[in-house]
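Worksheet for the structure shown next.
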Amino acid sequence: MSEENFVPLHFDYVDIEEVDRRSKAIYDNLRKRKSIREFSSKPVPKSVIDHLIATAGSAPSGANKQPWTFCLISNSDLRAKIREAAEKEEYENYHGRMSDEWIEDLKPFGTDWHKPFIDIAPWIVVMFKKAYDIVDGKKKKNYYVNESAGIAAGFLIMAIHQAGLATLTHTPSPMNFLQKILNRPENERAFLLLPIGYPAEDAKVPNIVKKPLSEILIEY
Ligand code: IYR
């Protein structure tokens, strides 16, 4: 790459004591994040969603290909269609397609095939990953598509929490009905469905714990 492709970095330098304080504050905040399955229908302005999706779109990606599309749904007919199709697949999952071990592993979460949040949360985002791009009718390669989409989803989940809202990473399976209902092109594969909004006032969450640092960190 030639020199003229580079620009000076604008880096907000903070001293290390402040870095330490901030890193602790980030942890204290993010550890309170919970996946929410019971949403309030309380409205959330579109400007908020724009900021959140733009944040997700700022994520790093393989060769900066940004292999993602975020479909935003509030229309109640479309939600009803999505809910019906998602519940149809999930019904099959919970009635034979998932292994006994899987069903057992999900017991602590109390999940089943009902997905009312699709109708209730003020916004539904369906994130698609782009297996490849189509530029002037020609296929163009994308790289590390799953990693890139996963990182962008992580940015989105963090942004939603930091902003003061809640979400759920819902993965109805198989997800190809979303490509059809939302009329997305062949190169786009549904990756995640995320309801965004406030939790219901009486929302309950499973009493689960994260592994301690001693179990997830290995120092060399
Ligand atoms: N997709 C199903 C099942 C499910 C699977 C896993 I792994 C979870 O962590 C939670 C649910 C559902 O949404 O119910």
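In listed order, ligands and their atoms are each counted from 1. None of the values given here were measured: they were computed from a predicted structure.
- An N or O contact shorter than 3.5 Å links Lys115 to ligand 1 by distance.
- Counting only distance, with no hydrogens or angles, the side chain of Asp136 and the backbone of Lys138 share no donor-acceptor pair below 3.5 Å.
- Checked against a 3.5 angstrom limit, the closest N/O atoms of Trp102 and ligand 1 fall outside it.
- When heavy-atom distances to ligand 1 are checked against a 4.0 Å cut-off, Asp105 has no atom that comes that close, whether in backbone or side chain.
- Contact annotation: for Trp113 versus ligand 1, there are no heavy atoms closer than 4.0 Å.
- Between Lys88 and Glu84 no salt bridge is recorded (no basic side-chain N to carboxylate O distance below 4.0 Å).
- Among the atoms of His170, some N or O lies under 3.5 angstrom from an N or O of ligand 1.
- Near Glu90, the atoms of ligand 1 lying under 4.0 angstrom from a non-hydrogen atom of the residue are 1 (N), 2 (C), 12 (C), 13 (O), 14 (O).
- In Asp100, the CG atom is not crowded: 12 or fewer heavy atoms of neighbouring residues, nucleotides or ligands sit closer than 6.0 Å.
- Protein heavy atom at the shortest distance from atom 3 (C) of ligand 1 is Tyr94 OH, 3.4 Å.
- Ring-plane geometry between Phe39 and Phe117 is classed as tilted, the angle between the planes lying from 30 to 60 degrees on a 0 to 90 degree scale.
- Nearest protein heavy-atom neighbour of atom 8 (C) of ligand 1: Leu106 CD2, 3.4 Å.
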Before giving the answer on side-chain contact (heavy atoms from CB on, under 4.5 Å), spell out for Met158 and Thr55 the whole-Å C-alpha distance, their side-chain angles and the decisive distance to 0.1 Å. CA-CA 9 Å; Met158 275 192 52; Thr55 302; over 6 Å; no
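- In this structure, Asp77 does not pair ionically with Lys81, as no charged nitrogen and carboxylate oxygen lie closer than 4.0 Å.
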Begin from the C-alpha positions of Glu186 and Tyr132 and carry the test side chain to side chain donor-acceptor pair (under 3.5 Å) through to its verdict. CA-CA 9 Å; Glu186 208 291 314; Tyr132 53 89; 2.5 Å; yes
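- Not a single heavy atom of Asn93 sits under 4.0 Å from any atom of ligand 1.
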